[in-house]
Amino acid sequence: MIDSARLGLPEFAPGSVWLVGAGPGDPGLLSALALHALGRADSVVFDALVDPRTLALARPGAALDYAGKRGGRPSPSQPDISARLIRLAKEGRRVLRLKGGDPCVFGRGGEEALALAAAGVPFRIVPGITAGIGGLAYAGIPLTHRDTNSAVTFLTGCHSGGSLPEGLDWPAIARGAPVLVLYMALKQLPNIVAHLIAGGRSAEEPVAVISKATSPQQRVLISTLGALAQDAALVEPPAVTVIGEVVRFREALDWVGALDETLAP
Ligand code: SAH
């Protein structure tokens with residue numbers, strides 16, 4: 001239990017909703033505010049990407065409410081989830097809306113916050129470590145390095161329905177930043193690679209695909225832009241894809257792999 005008073009953490013008021021990022025998986029990456037909320041929530045409405053070890057930290061007696069896909073049934077629609085949050089809050093509960101990574105990075109946290117604001121429900125947004133930052137750290141890949149890049153582009157490879165987001169200016173994306181971090185991109189990798197190479201990126205550029213980042217099942221595939229579509233065909237989701245020269249630093253900085261070797265019998 002964290003000492004919330006000593007840290008000066010705010011009260012989790014009944015009738016309010018906290019939109020909280022749970023980070024990419026490792027419960028050690030939860031913020032003090034996220035832990036505080038887990039210890040006090042009456043209802044926890046969580047997504048598929050929230051690690052079971054994190055959910056296990058919820059207050060005994062808290063109602064755990066799954067808002068992801070279940071057994072092939074379609075996932076609840078976004079308006080349904082927002083309506084559920086509003087209803088639970090209006091019943092006087094402390095509602096913890098727990099999302100993987102950061103709630104507002106490709107996580108629809110903004111949409112839910114807008115619905116809460118429109119319904120007059122008090123809410124707080126607690127940022128989390130997004131997979132495109134935490135996952136890179138656990139793969140030994142610095143997101144920026146002065147020798148390689150002064151800019152980064154975060155991009156989703158998937159719009160609702162699974163297709164590439166419309167309206168992306170691919171030539172501009174290809175030129176824009178030396179490092180690209182792709183979320184939800186596995187299915188669309190062949191298309192994305194084709195757009196980037198057509199936009200001038202080199203087929204030789206190094207790429208890492210980090211699957212199940214920060215969990216004990218983390219796997220990192222190293223490839224090149226040209227070989228990526230083939231190499232990544234069997235990677236298991238969730239995965240983030242990093243394109244750019246920063247990937248080369250992993251050779252020296254793979255601290256997770258180094259720890260595993262130290263621990264191996
Ligand atoms: N809000 C989340 C992103 C949700 S979109 C965040 O900030 O991280 C879902 C995508 O996030 C996945 O398709 C994958 O690209 C990425 N992702 C989330 N958790 C991940 C993990 N543990 N390892 C690798 N990728 C992850």
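The structure displayed is predicted, hence computed values, not measured ones. In listed order, ligands and their atoms are each counted from 1.
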Parallel, tilted or perpendicular, judged at 30° and 60°: which one describes the rings of W18 and F12?
parallel
Please determine whether any non-hydrogen atom of [X] lies less than 4.0 Å from an atom of ligand 1.
X	answer
G135	no
G100	yes
K212	yes

How far does [atom1] of [X] sit from [atom2] of [Y], to the nearest 0.5 angstrom?
X	Y	atom1	atom2	result
L19	L98	CG	CG	10.0 Å
T214	I129	OG1	CD1	9.0 Å
R97	E112	CZ	CD	4.0 Å

Indicate whether the side chain of Y183 and that of T130 have a donor and an acceptor atom separated by less than 3.5 Å.
yes
Could you find the nearest protein heavy atom to [atom] and give me its residue, atom name and distance?
atom	answer
atom 10 (C) of ligand 1	M184 CG, 3.6 Å
atom 14 (C) of ligand 1	A239 O, 3.3 Å
atom 22 (N) of ligand 1	P24 O, 2.8 Å
atom 3 (C) of ligand 1	V105 O, 3.5 Å
atom 11 (O) of ligand 1	Y183 CD2, 3.4 Å

For atom 6 (C) of ligand 1, the option (of T130, L182, V235) bearing the nearest heavy atom
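Nearest heavy atom to atom 6 (C) of ligand 1 lies in T130.
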Among A131, A22, G107, which one has a heavy atom closest to atom 26 (C) of ligand 1?
A131
With a 6.0 Å cut-off (strictly less than), is the heavy-atom count around CD of Q230, excluding the residue itself, greater than 12?
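Open.
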Mind checking whether G25 has an N or O less than 3.5 Å away from an N or O of ligand 1?
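It does not: no N or O of G25 is found under 3.5 Å from an N or O of ligand 1.
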Quick one: does G132 get an N or O within less than 3.5 Å of an N or O on ligand 1?
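Between G132 and ligand 1, no N or O pair is found under 3.5 Å apart.
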Using side-chain contact (heavy atoms from CB on, under 4.5 Å), reason through E205 and E245 one step at a time and then give a plain yes or no.
CA-CA 7 Å; E205 243 187 277; E245 292 300 319; 4.3 Å; yes
Taking 4.0 angstrom as the limit and counting only heavy atoms of [X], give me the atoms of ligand 1 inside it, by number and element.
X	answer
P238	12 (C), 14 (C), 17 (N), 20 (C), 21 (C), 23 (N), 24 (C), 25 (N), 26 (C)
L49	9 (C), 18 (C)
I210	24 (C)
F106	4 (C), 5 (S)

Using a 4.0 Å heavy-atom cut-off, say whether A213 meets ligand 1 through its side chain, its backbone, both or neither.
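Looking at A213 and ligand 1, atoms from backbone and side chain both fall under 4.0 Å.
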Would K212 and E236 count as a side-chain contact (heavy atoms from CB on, under 4.5 Å) here? Give the steps.
CA-CA 8 Å; K212 302 183 183 172; E236 289 185 27; 2.7 Å; yes
Apart from L180 itself, what residues make up its hydrophobic cluster when side-chain heavy atoms of I, L, V, M, F, W and Y under 4.5 Å apart count as a link, directly or indirectly?
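L155, L164, L168, W170, I173, L182, L186, L189, I192, V193, L196, I197, V207, V209, L221, L225, L228, V235, I243, which link up through side-chain heavy atoms under 4.5 Å apart, make up the rest of the cluster.
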Can you list, by chain and residue number, the hydrophobic cluster partners of L234 when the side-chain cut-off is 4.5 Å?
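Taking Ile, Leu, Val, Met, Phe, Trp and Tyr as members, L234 stands alone, with no cluster partners.
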Output field: ring centroids H145/F249 closer than 6.0 Å:
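So the answer is yes for these two rings.
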